[in-house]
Structure formats: C-alpha cells, structure tokens
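Note sheet for the following structure.
This one's a predicted model, so the numbers in the text were calculated from it and none came from an experiment. FYI, side chains are in, hydrogens and waters are out, and symmetry mates aren't considered; it's all heavy atoms of this structure.
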Amino acid sequence: MFYSEKPIISKNEDLLGRKKVANDLAKEIEHYKNKDSLTIGIVGKWGSGKTSFINMVLESFKGNNNYIVIKFNPWNISSRKQLISDFFLQLSNNIKKENESNEIIETIGKSLGTLSKFFKPLGLIPPLSLLGTIGDITEKASGFINEYLEAEKEDLETLKSNINQELEDLDKKILIVIDDIDRLCDEEIREMFQLVKSIADFKNTIYILSYDREIVTKALDKSQQGKGEEYLEKIVQVPLVLPYISKRDLDTIFINRLNMSINIPNEEYDNSYFSEIYNNGLGKNFENLRDIERYMNVFNLGVNLAIEELNIIDYIAITLIKVFEPNLYEYIKNNKEYFSGVKFDKFLPKNKKEILTELEEIYEKLKKLEKRKVKRLMEAIFPKLGEINYAEGFINVWGKVRRIATPVYFESYFKLDFPEDEIKKSEIKSFKKFSTEEDLINIFNINNKKKIRFLEIILEEIEEITDEKAIILLKFIFSIADDLKYEGSKGVFSFIENPQYKVTRIFYKIISNTNRNRYKIMEELFKYDKSSLQFLFIILEALDNNFFKNNLESEYGIEENQLITLRDIAVAKILKESEKSEKIQSRLLNILYVMKRLKKEEEAKKVFRNYLKNIKNEDLLIDFIKEFISTRTTEVNYSVIESTYLLKDSIDDFYDYEEFVKLVDEIFTNPTEEETKVINQLKNAITREEFQKY
C-alpha cells in the first residue's frame, strides 16, 4: 500500500483529533455576520496538515447556499501581475459558475473579470509563432490588446469601489482559501499578503490563509524593516495555530500503518526484539504525518520481500535510516564487512576505532534524526558496533532469524532482492512439514550450493522431529551425501564448510538426543541400500573411538555388540561394492583403515583385491590409485599451500606394494600426461618415517 501524501478531504479521515477544532472554526465563520472582510490564518509547519484541516473546515459548507467557496493556490504563479490577475480571474470564473439567475452575482463576476484584465501584462501575449496564420495573429493579438486597453480605461479605485458595493449588496459571503503561501518565494509571499490587505479587501469576503509563521515573517521582514510579524498581525485577524501533534500520537499512527502493511502471524513476529529496537532509537522520530507517509511509501516497496525472507524488524529500522539519513544509509551499504558479523577482522583495512570515528563524523551531520537515537539504533541492529564481544555462535542465532548483521543476508536489505542460492522461508516451512522421502526429494530439487546451505539450516530445525522422521531424513541425506561438492575456499579450517562435515553434524545432533531410540535409528540407516558407505564408516570410526575413550560405555546409547552388528552390516556392503566394476568407492583408504581398526583387517585386504580383480579399464585403475594419494594443506604468510603424497605403507598394509606397482606398469604401456602424474605419485611413494620428516 502506497500513500499519496495528499491531504484528507473529510473529517472521517482525521487521525489527529482535529475535527472538533475544525467544526468549531466552521461554526464561528457561520456566526460572523459583519460585512467587513475577515482574514483567518491557519498556521503550522510544512507537513503539519494545514490543507487537511482546511478541507475539514470547508466540509461544513458543502450544500450551504449562503457561501461561495473559492480555492486559490498561488504556488505555481511566477510573477506579481500574473499572480494578481489570475487571482481575480479565478474569483470571476468561480462566481460566474453559481447556478443562479442573480444579477448581482453576474455583475460581480464581470467586474472581477475586468479587474483581472487590468493586471494582465502585455508581456503575457503569446509568442507570434504559436498563434497560427497571419490572419489569426492579427485577430488574436489585436483582440488581446483591445481587451487590455478597455480595462485600462477604468480607474482602479473605481473598479474596486464598484465591486465592493456589489459585494456588500450580496446576500452571500465569499469564502476564499489561499493555500501553501509558505511555498512561494519571498517576493511572492509579500505580494500575496499585500493583495489580501489592500487590493482585495472586499466586503462579505472571508479569507482563510495557510502558512508557516516563521517563513512568512522572514519574507515580510525584508519589506517591513524587520517588522514582518507586526505587519502579519495587522492582516490576519484570527490566527489559528494548529493543535500540536504529540510524538506519542504520531507513533501510534506509525505503528498502525506498520501493522496494516506487515500483516504477519504473531508467532513470526519477535515482539521483544521490536521493543528493543523501538526503545533504542526507532521510536518517536516523526515530526508530522508527511514524515510517516514518506517512510511508509519506501517501506512498502520492499515489505513483501522482508516479510517472506528477511527480518521484518531490522527492515523497519534500516528503512528509517534510508528515508531520513541517506548518507548514513549509503555508508552502511558500502561497508558490509564492518557491520555484519560479530567481530572486526584483524586483516581488514580499518579497525573498529576507525569505523566508529567515521560514524561519529556522519552522526554530526545528521539531517533529521537525533544523534543519540541513531547511535543506539545502530548498536541494536549491528551488535558488532557495541561494547559486548559476541561469540561466533551468535551468527547462527542471528542467521536463523535472518538479521541484517548476518553476512549472508546483509546485502538483501539494500538490494531489495534475495540471493539466488539462499534458502527461502517457504522452503524451510516445507521442510518442517515433510513426512516422506518424496517430500525431501522435492525440497532438495535445488542446486549444489543451496543443498549445502540447507544442511546448515536443517541443523537448527531437527531438535524436535520424531524418530520416524529422523530416520527418513538421515536416509535421504546419506543417500545424496556423496554427490555434494565442496565449493568453498581451501585452508586449514575449510572442513567446517565441507558438506561432509555438515552431514555428520546432522547425524550426531539427532543421535545425541537421549530420548530417542538411537540404535534403531542407526540400524535403519546402516541397512539402507542407498546410504553412503564413506559416511557409514566415518560413523563407525567415531563410535569406536567413543567406546575406547569411555571404557566401552558409549554416549551415543548403544552397546558393544550393537556396534559390532553395525560394523558387520557396513563391511558386508563394502565387500559387495568392491566386486562391482562401475566406480571406485570414495574415501576408500579411510574405509580400509576403519575396517582394520575394527578387527576386520582380512576383509579390508579382500576389498583391496576385489577392486584390483574387477577393474576393467585404465580410468578406473587411475581412480583407484588416486584414493591412496593424500593432500596436505598448510598456510604460510596467509597463503594456502597444497602438497600431495602417497604413503607406501598405505598400499603395503593391504597389498604388496611392489606387486601393485608392477601390475600398474603392465597395464599402462603408453600412459597420458595426466596418468603419468598419478603413476609417478605411486612410484615415488614415501614411507611413514619419511613422511614424519616431510
């Protein structure tokens, strides 16, 4: 919903409690029976609702045949004579429109028309190029000049006197509204008041003038030797200063407008956070209704995105800055790294002190909002600026509610767009409602990057799911786990962003719940045909380590014989897999060592032999060798360095190394350049002792 910023036209639209005052003024006007001209001033700042107030006053005169209401807005009039001429012309035209066969009204209309011609300058004759043919030019130009000369024959004072007498004989009053006087330039303001005071001071006329006292007084000072206010008091007999709009009333209107635009369920609206934001700078910033309407028009441009995908309260706050302090808004938008997150990165060009200094300079130049309020608001929506040092875990907390301080959502508040690879709230709602594998297949019908991001979100949503749904979920993610590709940067701690790490975290979070039948969940997962073998052995390794550390008492709620059962299921699966010839099992070396540690060394050797026996082409053999090549990542001077190696012992532990090299040489008689690199890694394998020096 957008607001046009147009004034209201009816008392029914009044939000500021002014209709009683408007009614009272209308009654006073009706009670004014004196025929002398009366001037009423409606005084208030820009945006204070002067026009709306006048409209409510005039509403009382609709259908009242005792009054002729004429509205004149001089804002776009650009010269003194045009202003005066247009004023009288409009009076003339409006009076002529009266649907009465009243000779006095007709005479007044004609007289005012003549008066308007009196002030029409020759300079307003249209340019010759716009009048058409030569004949037209002669006819139209001469007609205009003759009209002007006819008016000049009349004496100005005589004209005024005649009009005055005609108006005095009229049984109606003319209610003349002159609005937006304070929007004129200084000279035009002076001319407008001079017009009311001397030229148009007619009988049976009541003027309602709207203006900002400070602006008008300063304009009049220049022609009244600094006594503009005294001059104004002589012209305006009844100055009515509009009732003060309290900050509380404006805030009530603001909150009502927000509620009309937002319309979201209470459970999705964090009232405690809104109270914090409101009390820390959001509240009581509006000076008038126009401020609220300006704000709401900008707010409504992006409100649908904010409701669906962002934190609506942060959107409310950042929109306030956007509307009233654009310089601060641009500074925030262009410095994401300093406003999002929980800590100032020591590798950034500027530290926290420098950013706070720059902000202080911007605060000193704020155009509308109070510095004190803005500082508090900034610290509320960007906790990084405050004195509290938040732990990294708060990023996950803020991320769950999509705060602006979360790096992944920060830019969406400024682009009014949502990242293509980010998870939408509607997708999270669908996940919360899943009940079958088919549901999950549909939900995860997204690109690789979004799948990995979804795994992070799932971690926050699985605490309360039933065992039945936990089994469905684990089966599904273990079935897609091998296909997830890591797309992040490399480094010592890059494993945190690795999809495999996220998958195992989901598993452990579910299994850590002591209220679950944990062994049943694991047994179902291990028996599932599509479960990733590499992940099953990762779990077996973790369970075995846990038993070892805790003297055979598992914190995951299973007994030693149950661990053996899970082990046997997984070993049977890898043995069966090794007999196939389609592909090499990912992370095969780790699987073999887990089998060895779980007292299944002979089976591990058999898996190795099975693969060798069933490899049917050179590509598969290269893939097989690659499973034994390891990569070591180190950081030197903030640069990531990778080195690869192959341990001779990794082959010897499960097969004869020399026999394996000989087999490879027999198969590859003319290897490609890429194959040669892999074979050389094998032939140049180092021992474990050498690696420790490496």
Side-chain angles (χ1 to χ4, degrees), residues 270 272-273 276-277 280 309-311 313-315 317-318 332-356 359 377-414 418-419 421-423 425 428 449-463 477 484 486-513 538 542 633-640:
D270 188 345
S272 61
Y273 182 46
E276 178 188 348
I277 294 297
N280 282 298
E309 308 302 345
L310 303 176
N311 185 294
I313 299 167
D314 278 352
Y315 178 71
I318 199 65
I332 297 168
K333 181 177 74 173
N334 295 327
N335 289 281
K336 170 185 176 180
E337 62 273 31
Y338 297 108
F339 289 96
S340 63
V342 295
K343 296 178 181 178
F344 275 79
D345 194 321
K346 62 182 179 181
F347 302 120
L348 289 173
K350 299 174 185 177
N351 58 33
K352 182 175 180 179
K353 183 178 180 181
E354 290 172 301
I355 292 297
L356 292 178
L359 279 173
L377 182 63
M378 289 286 288
E379 290 181 7
I381 62 175
F382 300 114
K384 195 174 183 179
L385 300 177
E387 296 180 359
I388 300 175
N389 292 320
Y390 289 90
E392 289 293 338
F394 274 89
I395 287 294
N396 293 331
V397 176
W398 300 336
K400 189 173 182 181
V401 291
R402 306 189 173 215
R403 289 274 302 273
I404 190 173
T406 313
V408 72
Y409 296 115
F410 179 90
E411 292 176 357
S412 291
Y413 285 85
F414 301 92
F418 197 65
D421 295 323
E422 192 49 50
I423 307 302
K425 288 183 181 178
I428 296 174
K449 191 171 183 179
K450 284 191 73 170
K451 286 177 182 176
I452 296 170
R453 176 70 181 122
F454 217 139
L455 294 179
E456 295 178 14
I457 293 172
I458 285 175
L459 274 167
E460 305 299 326
E461 305 293 341
I462 58 176
E463 192 71 45
I477 63 172
L484 299 174
Y486 176 60
E487 298 180 2
S489 58
K490 295 180 179 179
V492 175
F493 300 106
S494 62
F495 73 91
I496 294 174
E497 297 301 320
N498 195 296
Q500 281 73 32
Y501 176 71
K502 299 179 190 300
V503 169
T504 53
R505 283 187 67 200
I506 293 171
F507 170 81
Y508 291 125
K509 184 164 185 178
I510 289 174
I511 295 302
S512 296
N513 187 334
I538 288 172
T633 302
T634 55
E635 289 189 12
V636 180
N637 296 327
Y638 310 118
S639 298
V640 176

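Within the model, atoms CG of Leu459 and OH of Tyr508 stand 13.0 Å from one another, a figure rounded to the nearest 0.5 Å. Rounding to the nearest 0.5 Å places OG1 of Thr406 at 13.0 Å from NZ of Lys400. Annotation: the span from Ile428 atom CD1 to Glu309 atom CD amounts to 8.0 Å, rounded to 0.5 Å. Distance check, rounded to the nearest 0.5 Å: CG of Leu377 to CD of Glu276 gives 10.0 Å. One distance of note links CG of Leu455 with CD1 of Ile477; it measures 6.5 Å at 0.5 Å rounding. Rounded to the nearest 0.5 Å, atoms CD1 (Ile313) and CD1 (Ile277) are 7.5 Å apart.
Annotation: Asn389, atom CG; neighbour count of heavy atoms from other residues, nucleotides and ligands within 6.0 Å does not exceed 12.
Checking Glu354, Lys350, Lys352 one by one against Phe344, the side chain to side chain contact (heavy atoms under 4.5 Å, CB included) holds for a single residue, Lys352. Screening Phe339, Tyr413, Tyr273 for a side chain to side chain contact (heavy atoms under 4.5 Å, CB included) involving Ile381 leaves a single residue, Tyr273.
The closest side-chain heavy-atom distance from Ile318 to Ile332 is below 4.5 Å. Two residues are said to be in side-chain contact when any heavy atoms from C-beta on lie closer than 4.5 Å; Tyr338 and Pro349 meet this criterion. For the pair Glu379 and Asn280, the minimum side-chain heavy-atom distance is 4.5 Å or more.
Judged by distance alone, with hydrogens and angles left aside, the side-chain atoms of Lys343 form no donor-acceptor pair with the main-chain N or O of Glu392 at under 3.5 Å. A distance-only check finds a donor-acceptor pair linking the side chain of Asn311 to the backbone of Val401 [under 3.5 Å]. Distance alone, capped at 3.5 Å, is enough to place a donor-acceptor pair between the Asp314 side chain and the Ile404 backbone. Looking at Lys425, its side chain does come within 3.5 Å of a backbone N or O of Leu310 through a donor-acceptor pair.
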Taking it one step at a time, do Val408 and Arg453 satisfy side-chain contact (heavy atoms from CB on, under 4.5 Å)? CA-CA 10 Å; Val408 72; Arg453 176 70 181 122; 4.0 Å; yes

Does the pair Ile458 and Lys502 meet the rule for a side-chain contact (heavy atoms from CB on, under 4.5 Å), with working shown? CA-CA 10 Å; Ile458 285 175; Lys502 299 179 190 300; over 6 Å; no

Take Leu359 and Leu385 through the side-chain contact (heavy atoms from CB on, under 4.5 Å) test and state the conclusion after the steps. CA-CA 10 Å; Leu359 279 173; Leu385 300 177; 4.0 Å; yes

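The cationic atom of Lys384 (NZ for Lys, CZ for Arg) does not lie both less than 6.0 Å from the six-membered ring centre of Tyr390 and within 45° of the ring axis.
What you find for Ala405 and Pro383 is that their closest heavy atoms are CB-CD, 3.9 Å.
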